[in-house]
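The shown structure was predicted, so the numbers you read here are calculated from the model rather than taken from an experiment.
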Amino acid sequence: MKTLGLIGGMSWVSTAEYYRMINELVADRLGGLHSAQIILESVDFGEIEKLKLAGRWADVGAHLAAAATRLESHGADAIVLCTNTMHYVAETIEDAVSIPFIHIADTTARAITAAGSSRVGLLATAFTMESSFYRDRVASHGLDVLTPDAADRDQVSSIIYNELCHNVIRPESRALYLEVVGRLLAEGVEGIILGCTEVELLIGPEDVTVPVFPTTLLHAQAAVDFALSDR
């Protein structure tokens, strides 16, 4: 089994989900008492978020690239960045290491294509929904990505930062998310990307009438595919 290097802490809540999912997937595939070989570097999200809000993306990239370099030096065979938004600096991280970087948007796009969907809605942080880095990466696979309107984007993002990142799950927030999903469905989307790693704590496939693409789970599956492959 190959060793996965996880860059986590953004937030700790979603990173705990990554750890759980990856280990459960390995146990399901190998049986017995098998679990994943993981090296985790968990950063201080408060410091990373300050840099992001100040527009100091070069510093964010340097910080996360240094984490990736340390993971490689300790024996990681691939890097898994446990967050969607910070994939904004994915290229900086990739350039810092010689081992594979498993990109969350690529794993999501492949799942969308496999499901036969071509027009999807994106629920994520405001930054991820409003910037092009994530939408363009998914769109490069031949897909059309829609986002909610400005008011809905603000509400979706506020719930992520003020509730889900603190492991607070409110039925009222689930209802609001489903209202946003309903408006995206009215625009003709054929699937919904849960494009923030905490969103899967709030809604899932059972809540929506079209295919749902949970990026954390899809990313974890891709990581386990790599860990158990012969490559």
Name each donor-acceptor pair under 3.5 Å that joins a side chain in residues 95-106 to protein atoms two or more places apart or in another chain, with its distance.
unit_1 : atom_1 : unit_2 : atom_2 : d
Ser98  : OG     : Glu72  : OE2    : 2.3
His103 : ND1    : Ala105 : N      : 3.1
Asp106 : OD1    : Arg137 : NE     : 2.9
Asp106 : OD1    : His141 : NE2    : 3.0
Asp106 : OD2    : Arg137 : NE     : 3.3
Asp106 : OD2    : Arg137 : NH2    : 2.7

Just wondering, are more than 12 heavy atoms of other shown residues or ligands nearer than 6.0 Å to OH in Tyr19? no

Would you say that more than 12 heavy atoms from the other residues, nucleotides or ligands in this model lie under 6.0 Å from the CD of Glu91, or not? no

Would you say the side chain of Leu178 lies within less than 4.5 Å of the side chain of Val208, judging by non-hydrogen atoms? yes

Check this for me: does any side-chain nitrogen of one of [X] and [Y] sit under 4.0 Å from a carboxylate oxygen of the other?
X      : Y      : answer
Arg119 : Asp144 : yes
Arg20  : Glu24  : yes
Asp225 : Arg29  : yes

Pair Ser118-Glu190, side-chain donor/acceptor within less than 3.5 Å: yes

May I ask you to check whether Phe45 and Trp12 place their ring centres under 6.0 Å from each other? no

For His166 together with Tyr161, are the ring centres under 6.0 Å from each other? no

In terms of relative ring orientation, are Tyr88 and Trp57 parallel, tilted or perpendicular, with 30° and 60° separating the classes? tilted

Residues passing the side chain to side chain donor-acceptor pair (under 3.5 Å) test with Glu47, sequence neighbours excluded, are none

Under the side chain to side chain donor-acceptor pair (under 3.5 Å) test, which residues partner Thr216, sequence neighbours left out? Glu200

